[in-house]
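Some notes on the structure that comes next.
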Protein chains: 2
Amino acid sequence: MAGMARISTTSDVFSAIAEPKRRVILEKLLVEQMSVTDLVDALQWTQPMVSKHLKVLKEVKLVAETKVGRFHYYRAQPDELRPIQDWIHRFEKYWGGALENLDSYLTDIKSRGDARE
Amino acid sequence: MAGMARISTTSDVFSAIAEPKRRVILEKLLVEQMSVTDLVDALQWTQPMVSKHLKVLKEVKLVAETKVGRFHYYRAQPDELRPIQDWIHRFEKYWGGALENLDSYLTDIKSRGDARE
DNA sequence: CCATCATATTCCTTTATGGGAATATGTCAA
DNA sequence: TTGACATATTCCCATAAAGGAATATGATGG
């Protein structure tokens, strides 16, 4: 065995969102629950492509599935992005522009407040 | 041409941090500037491996390089993580537990305040 | 100038994985 | 039941990219 490739990443959230198409899917599913066909129609991708990406997202729990008859409805599970958020938080305090940061905090708080209503 | 592989991702910040070893390097470089040899010693990886990962990180500007004689000092450029942070922010407001969120905001603000001192 | 240290690069192999096409599986409606 | 619809899966190909080993390049000190 000469060359070992990268670690299997299909079970890693960081890798799951490294794929641009999967980010697009997540953005869609954050707004509303959608079936595979809904996504195919909205994104104009092939159905197997959508299903395959959904499978990866499901494996890392970034999406959840509800089956209703022959329809499989998928929805985003944003909580699962927290490990990434937590990791990035460690770097955040070193970002430039303290004042600018403060602004973003306030915006942050405001948006969370909105979400509660 | 039958199968097309994924988009070249070496120029994408999301992909850059999808690799666990690169995250480790970034964590190291956040604390202090280090030369390649410093990293080799600290991480016990081979020198080419360290150099290769640094190259990827440098391409996406997650690290910056300062050459001093034969030493190349690298440092993290945490600002470049903002695109990821921004993307995740769009999901954050949908996280469960509003109260819990508020707590993390306060912690967030506090840590930023600490960083300013 | 040259031996040595510091780093980068090249060559090679292997694995992961995305996309296409075809097909399988599952479910409903008439 | 059966045909049509919804989704998943399989097979195949092409490519990105990680790790190892060897080597090239760069810079210093003596």
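Within every chain, numbering begins at 1; the chains are lettered A, B, ... in the order of the sequence lines, protein sequences first and strands thereafter. Worth knowing before you read on, the calculation uses all heavy atoms, side chains too, and leaves out hydrogens, waters and symmetry mates.
Taking atom CG of residue A/Leu57 and atom P of nucleotide C/dT17, one finds them 13 Å apart after rounding to whole Å. Between A/Gln44 atom CD and C/dG19 atom P there is a gap of 16 Å when expressed in whole angstrom units. Computed from coordinates, the A/Leu54 CG to C/dG18 P distance equals 13 Å when rounded to whole Å. Following rounding to the nearest Å, A/Leu39 (CG) and D/dA6 (P) show an atom-to-atom distance of 14 Å. Between A/Lys58 atom NZ and D/dT7 atom P the separation is 12 Å, expressed in whole Å. To the nearest angstrom, P of C/dA6 lies 14 Å from CE of B/Met34. Atom NZ in A/Lys67 sits about 17 Å away from atom C1' in D/dC5, given to the nearest Å. Across the protein-nucleic acid pair, B/Leu43 atom CG and D/dA18 atom P stand 16 Å apart, rounded to whole Å.
Taking every side-chain heavy atom of A/Gln47 into account, D/dT7 is the closest of D/dT7, D/dT9, D/dG20. Of the candidate nucleotides C/dG18, C/dA6, C/dT9, C/dG18 has the atom lying nearest to any side-chain atom of A/His53. Of the listed nucleotides (C/dG19, D/dA8, C/dT7), C/dT7 has the atom at the smallest distance from the side chain of B/Val36. Of the candidates C/dT10, C/dA8, C/dA6, C/dA6 carries the atom nearest the B/Arg70 side chain, counting heavy atoms from C-beta on. Side-chain proximity of A/Phe71 to the nucleotides D/dA6, D/dC11, C/dT9 is greatest for D/dA6. Comparing D/dG19, D/dT7, C/dG18 by their nearest atom to the side chain of B/Glu19 picks out D/dG19. Candidate nucleotides D/dT7, D/dT9, C/dA8 were compared by shortest atom distance to the side chain of A/Lys52, and D/dT9 ranks first. Minimum atom distance to the side chain of B/Ser51 is reached by C/dA8, of the listed D/dA6, C/dA8, D/dT9. Side-chain proximity of A/Met49 to C/dG20, C/dA8, D/dT9: nearest is C/dG20. Comparing D/dA18, D/dG20, D/dT7 by their nearest atom to the side chain of B/Arg22 picks out D/dA18.
Distance CD1/A/Ile88 to CH2/B/Trp87: 10.5 Å, rounded to 0.5 Å.
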**Study point:** Audit row: A/Ile84, B/Phe14, side chain to side chain contact (heavy atoms under 4.5 Å, CB included) steps and yes/no
**Key:** CA-CA 11 Å; A/Ile84 299 178; B/Phe14 283 88; over 6 Å; no
Point to revise | Check against side chain to side chain contact (heavy atoms under 4.5 Å, CB included), A/Gln85 and B/Gln85 | key: CA-CA 7 Å; A/Gln85 171 72 352; B/Gln85 171 72 353; 2.8 Å; yes
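Applying the 4.0 Å criterion to OP1 and OP2 of C/dA8, one finds that B/His72 has a side-chain N or O inside that range.
The aromatic rings of A/Phe71 and A/Tyr73 sit parallel, their planes meeting at an angle under 30°, below the 60° perpendicular limit.
When side chains are defined from C-beta on, B/Glu27 counts as touching A/Phe91, because their heavy atoms get closer than 4.5 Å.
With hydrogens and angles ignored, the 3.5 Å screen pairs no side-chain donor or acceptor of B/Arg22 with any backbone N or O of B/Ile17.
Comparing A/Thr46 and A/Gly69, the nucleotide of DNA chain C nearest to each residue sits closer to the 5' end for A/Thr46.
At a threshold of 4.0 angstrom between heavy atoms, the contacts of A/Tyr74 are confined to the sugar-phosphate backbone, with no base atom among them.
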